[in-house]
Amino acid sequence: MTESTIPTTTLRRVDLSEARLKRRYAAERRFRLYGIAAIVTALGILGLLIGTIVANGYTAFQQTYVAIPVYLDAQAIDPQGSRDAETLRRADYQSLVKQSLRDLFPEVTGRRDKIKLYGLVSNAAGDDVRDQVMDDPSMIGTTQTLWMRSSDDIDSLIKGAIDRRLPEDDRRVKDNEIGWIETLEAQGNVELRFNKAFFTSGDSREPEQAGIWGAAVGSAYTLMITLLLSFPIGVLSAVYLEEFAPKNRLTDLIEVNINNLAAVPSIIFGLLGLAVFLGTFGLPRSAPLVGGMVLALMTLPTIIIAARAALKAVPPSIREAALGIGASPLQVVTHHVLPLALPGVMTGTIIGMAQALGETAPLLMIGMVAFIVDVPGGVTDPATVLPVQIYLWADSPERAFVEKTNGAIMVLLAFLIVMNALAVLLRKRFERQW
Amino acid sequence: MEAVLESEAPRGALRNTAKMTARGVSVYYGDTKALKDVDLDIGENQVTSLIGPSGCGKSTFLRCLNRMNDVIDICRVEGDITLDDIDIYRSGLDVVQLRARVGMVFQKPNPFPKSIYDNIAYGPRLHGIAESKAELDDIVELSLTKAGLWDEVKDRLLGPGTGLSGGQQQRLCIARAIAVNPEVILMDEPCSALDPIATAKIEELIDELRQNFTIVIVTHSMQQAARVSQRTAFFHLGVLVEVGETEQLFTNPRDERTQGYITGRFG
């Protein structure tokens, strides 16, 4: 019976009732609310993160300075009176500072108390004095009130990180130290200044002398190596795979493996670098060269995938047009497809670089976690990078390193934001409509 | 005369005036045979139109003529196609040089996202046709004039080619193709994306270009084929059903499939 295949239910008209309409509107409103709630939550968490970091870290950009009248003894600084730069540089200013502190607080006698007194100022206070003397050698032989860095404990005290009201046993800064510093404060000889050293010096065990410049330079060298290796290799691979390679099992396999590589945990790349670059090739440990090579391996899949997507987005009609005029396949790519894909390629590269800039784990494996005071002068010098520096400082016991850690995080975040903004800008600027 | 000849020689052959000839051309996409054993001659300084329903193989045949099918991995071409009696599929023939002699205009206007000037100058630069900037300027002006676009764009040669209207873009593409001074121009439904006024302009242009170039045009519009072409070939299901002078084919088709198609019974 052929009639049996015809459905027995009769077709009804569309339900136009009010209730149905209300349900639909309610569902749409609900969906909007969920979306807004999700975004507010995400923004809230981000705000909390950045807020905490800034609240903890902004003080890192300031440093407590104390002013002490120093007698710049000509006998101690420059006995020959030559005023020769080398002699001035080598003089022992730290003991002049100590002498001045003794003169300022003559009531301090015991050896222990004297060491405490010397601890008001940084080990680098002598350097601050030296710099001022070298700027104006005519000061030698006179008594001058000179500004110098305080020690990290005093710095923390002034910034309020150490609570003066706590019982003496629970504070790092004892009552007599507080007494001395309050005397100086009363004279107006204590103030917070911009912390230049934080941006110009390398790492140090003394928080008031520690800076991020060494790590920043290390990061720059490392990223340079990463870019030099991963950009050409990545773009050439992408162009070949997308434009020239035959579509067969082998290229499918390669594609799958590139996608797999993008998902490999970064520490594995670090282990590979340790085994191959350090182990087999004997390249130097802790060097930006090796760090850059490891990060290049990690960045390659990102660049290849982004570049292939950008190449794919160039419409085939452009390729046909060029081929139809008699451009060779290579000319089609270099004259038309690659220039059109370049903004996308650059965006992918910058995002890959930003990832590499924030990477820590693989660098730990190849020894870039070492404590390095010197600012690296080349890609084979021992160096550390910003995220590793953050990791090292976060591990340090001194109270003053907390703000340094957060300060370094702020600097790293600033770099990342600038790089990502650049990527967005490039995309917007060169966005094309066909 | 031609009718007599075509009964002896393979169907679709011309006597002396053939610029390109196709003999026994079959095209496969993978295992599918898209074009079956086509014999067709393209007359010199003539417009030959290829008509037929969608999927009948006319575009496939067109793309064989300058080996644009090469870029499709799974595509395979059998048979012989010659240009001035030289087999274009023989090994050792340079495809780039072939495409410089056999230019192409596509269905959708596809100017490069560059200036109008650079769109036209690209081909001559590529093939080293111009020896100086002045000569290149002349080529650009001449090509745009031939394409009937010069007066409309002469004040904005450095403006983007993509900023033109659809019809202007298509004429720009034609100008770009003739700037290389090819011998044959292949047009793959050049008016299908254009309005009637732009279409009329292109058709006028095709008629003028016939003086200097051999033109093969694929079209869905039988009126267009009737208006612009001297010879028409009707394809159906991958087979060349009938070929003849346009007037004859439209007024007195020999095959009943052709009859059916041009009277609108199918397709």
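Predicted model only: the values in this text are computed from it and were never measured. So that the names make sense, note that chain A is the first sequence line, chain B the second, and so on, each numbered from 1.
Along residues 119-128 of chain B, the residues that come nearer than 4.5 angstrom to chain A, judged on non-hydrogen atoms, are B:Tyr122, B:Gly123, B:Leu126, B:His127 in order of number. Of all residues spanning residues 330-337 of chain A, those with a heavy atom less than 4.5 Å away from chain B's heavy atoms are A:Gln331, A:His335, A:His336, arranged by number.
Within a 6.0 Å sphere centred on OH of A:Tyr34, other residues, nucleotides and ligands contribute 12 heavy atoms or fewer. Residue B:Tyr89 qualifies as enclosed at atom OH: its count of foreign heavy atoms under 6.0 Å is above 12. No more than 12 heavy atoms of other residues, nucleotides or ligands sit less than 6.0 Å from atom CD of B:Glu131. Counting non-hydrogen atoms of other residues, nucleotides and ligands closer than 6.0 Å to CG of B:Asp94 gives a total above 12.
For the pair A:Ala321 and B:Phe112, the tightest heavy-atom approach, listed with the atom from each and the gap, is CB-CE2, 3.8 Å.
The distance from the CZ atom of B:Arg67 to the CG atom of A:Leu323 is 12.5 Å, given to the nearest 0.5 Å.
One finds no salt bridge joining B:Lys108 and A:Glu320 here, because no Lys/Arg side-chain nitrogen approaches an Asp/Glu carboxylate oxygen to under 4.0 Å.
A 4.5 Å side-chain heavy-atom check between B:Pro113 and A:Ile318 finds at least one atom pair inside the cut-off.
Proximity to chain A is limited to the backbone of B:Val102, based on heavy atoms less than 4.5 angstrom apart.
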Under 3.5 Å, which donor-acceptor pairs do the side chains of residues 206-214 of chain B form with other protein atoms, sequence neighbours left out?
| unit_1 | atom_1 | unit_2 | atom_2 | d |
| --- | --- | --- | --- | --- |
| B:Thr214 | OG1 | B:Asn45 | N | 3.0 |

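A:Tyr221 pairs by the ring pair (Phe, Tyr, Trp, His ring centres under 6.0 Å) definition with nothing, not counting sequence neighbours.
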